[in-house]
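I have placed the structure first, in the form of structure tokens, so that the comments after it can refer back to it.
Each ligand, and each atom within it, is numbered from 1 in the order the structure gives. Along the sequence shown, the residues carry numbers beginning at 1.
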Amino acid sequence: MKHTLSRRFLSRAQRSIPGGVNSPVRAFRAVGGTPPFVAQGKGAIVTDVDGHRYIDYLGSWGPLILGHAHPVVVRAVCDAARRGTTFGAATEREIDLAEMIRTCMPGIERVRLVSSGTEALMTAARLARAWTRRDRIIKFTGAYHGHADSFLVAAGSGAATFGHPSSPGVPRALAELTSVLPYNDIGAVRRFMSKHGRSVAAIFVEPIAANAGVLIPRPGFLQTLRDVTRRSNSLLVFDEVVTGFRVGMGGAQKLYGIKPDLTCLGKIVGGGLPLAAVGGRRDILGMLSPQGPVYQAGTLSGNPLAVAAGLATLRLLRDKPPYAILEKLSARLASGLSDLLTARCVSHRINRVGSMMTIFFAEGLIESYEDAKLCDTQQFAKFHGALICHGIYLPPAQFEAFFVSVAHTSGVIRDTLRRAKKAINIL
Ligand code: KE4
């Protein structure tokens, strides 16, 4: 499969854009090869500038539960654009979207719309620190909560009491206020919170982790987070940027029956346009300016085009919930891929919740980032390269989730498995 134009665009892009991409993971550094420059997407298919068509399971990292260029979403965005693209003033549609979010998410009584997941998480951290008057936050190894300084922190040595910067430019003094614990480790959480709980502003968790690859919460893990934060008067923050509207209209908080104090949403809530949200308890959100003293702002927050895309998407999901069919199609895909890998005696583990999943090349259970790090990332790179040559586009990194959309019909899944059978023969 030649990538003549993509290669040409990449070298041209690198003369203007760092690494030639506007987000690092798009550069395919983890899997090698030339990142295809995409020309267009329609339904389950993306076409690159060299004319190659792929069945797309990247789904733009999560927003596209309805597939690419859904006609209802496109029409909503075009209609909105004709009335103006941005006003820097309040609009009725923002109320409609906020009300829709409140109706769907059990933990959200008030919500502020922002433009990215990073902004939502950054605001949640500021709110939690202001509400509790404490500075320490907790995250879990392998979790990604956007690139605000407080979250670009790796586990410190030992008990992870003090995080250390995982990127240059993050002040050590700030990184040390972030503690990092192993996901799914109930004992570690209990031990840490019994010792340090009174100094913790909030625990941040991806309720179903997506950025270590998919990690499924062990029974009792999320409830433990809810219990220990209540007991220490800390807050529980669900980062549902991926899981919100992905695993159901009520996200993971509805699926697992845990009500967090704050919730961050992104991706699907913006219908593929730049929109995210930070929401939660009315008393905590009431601290946000102009109602309260905690400052947060954004020129394009609640942007009319993004709100139109988000509203159209959520209304389609509400009026015709696709989750049962997504479960069926995703289960079919996962079992078909597993059968093919088993037939080739390739050790693997597929972690899946609904239409989000990851194939790990490892033996045994993968329940934490520590487990995930043991998997064979070279094998993943080979697998990824083989699939893309056969027209199947997976996320170009092992520690990511891939997604099934409503556009991935049973025929598309059959076609995927037919192509994968040919591709896997080279492993
Ligand atoms: P953004 O700032 O990229 O909109 O959202 C940050 C974010 C927050 N929380 C979770 C759970 C997330 O997964 C993300 C962003 N996800 C990555 C992929 N796993 C976005 C892809 C990229 O960085 O290009």
Side-chain angles (χ1 to χ4, degrees), residues 17-31 35-36 38 56-65 112-125 137 139-153 166-167 178 183 202-217 222 237-247 251-253 260 262-279 296 298 300-301 303 306 309-310 351 353 355-358 369 372 380 393-403:
I17 305 167
V21 292
N22 285 310
S23 200
V25 72
R26 301 176 189 174
F28 271 47
R29 295 287 169 90
V31 292
V38 173
D56 180 21
Y57 289 97
L58 171 63
S60 183
W61 307 96
L64 300 177
I65 195 167
R112 171 64 56 87
L113 303 179
V114 295
S115 298
S116 71
T118 292
E119 264 193 277
L121 271 297
M122 184 173 68
T123 306
I137 60 172
K139 70 178 285 283
F140 292 93
T141 40
Y144 179 66
H145 301 295
H147 61 88
D149 283 352
S150 286
F151 295 109
L152 289 184
V153 173
S166 58
S167 164
T178 302
Y183 181 85
I203 294 180
F204 286 76
V205 65
E206 293 178 58
I208 302 162
N211 289 287
V214 172
L215 302 175
I216 300 167
L222 297 176
V237 185
F238 270 15
D239 178 346
E240 296 225 42
V241 167
V242 170
T243 55
F245 306 103
R246 168 63 58 181
V247 297
Q253 55 196 263
L262 295 176
T263 299
C264 293
L265 299 169
K267 299 184 192 270
I268 293 174
V269 75
L273 268 68
L275 184 142
V278 50
Q296 180 278 335
L300 297 174
S301 293
N303 173 268
N351 285 357
V353 178
S355 58
M356 60 185 280
M357 68 185 96
T358 297
Y369 183 56
F380 177 83
Y393 199 140
L394 287 190
Q398 166 66 81
F399 304 119
E400 294 290 352
F402 66 88
F403 302 98

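Applying the ring pair (Phe, Tyr, Trp, His ring centres under 6.0 Å) rule to Phe238 yields no partners; only residues at least two apart in sequence or on another chain are considered. Checked against ring pair (Phe, Tyr, Trp, His ring centres under 6.0 Å), Phe402 has no partners two or more places apart in sequence or in another chain. In this view, Phe204 and Phe151 satisfy the ring pair (Phe, Tyr, Trp, His ring centres under 6.0 Å) rule, not counting sequence neighbours.
Under the 4.5 Å side-chain criterion, counting only non-hydrogen atoms from C-beta, Leu300 is not in contact with Pro274. Pro217 places a side-chain heavy atom less than 4.5 Å from the side chain of Ile208. Val242 has its side chain within reach of Met356: a pair of non-hydrogen atoms, C-beta onward, lies under 4.5 Å apart.
Using a 4.0 Å heavy-atom criterion, the residues that approach ligand 1 are Ser23, Val25, Trp61, Ser116, Gly117, Thr118, Tyr144, His145, Gly146, Glu206, Asn211, Asp239, Val241, Val242, Lys267, Glu400.
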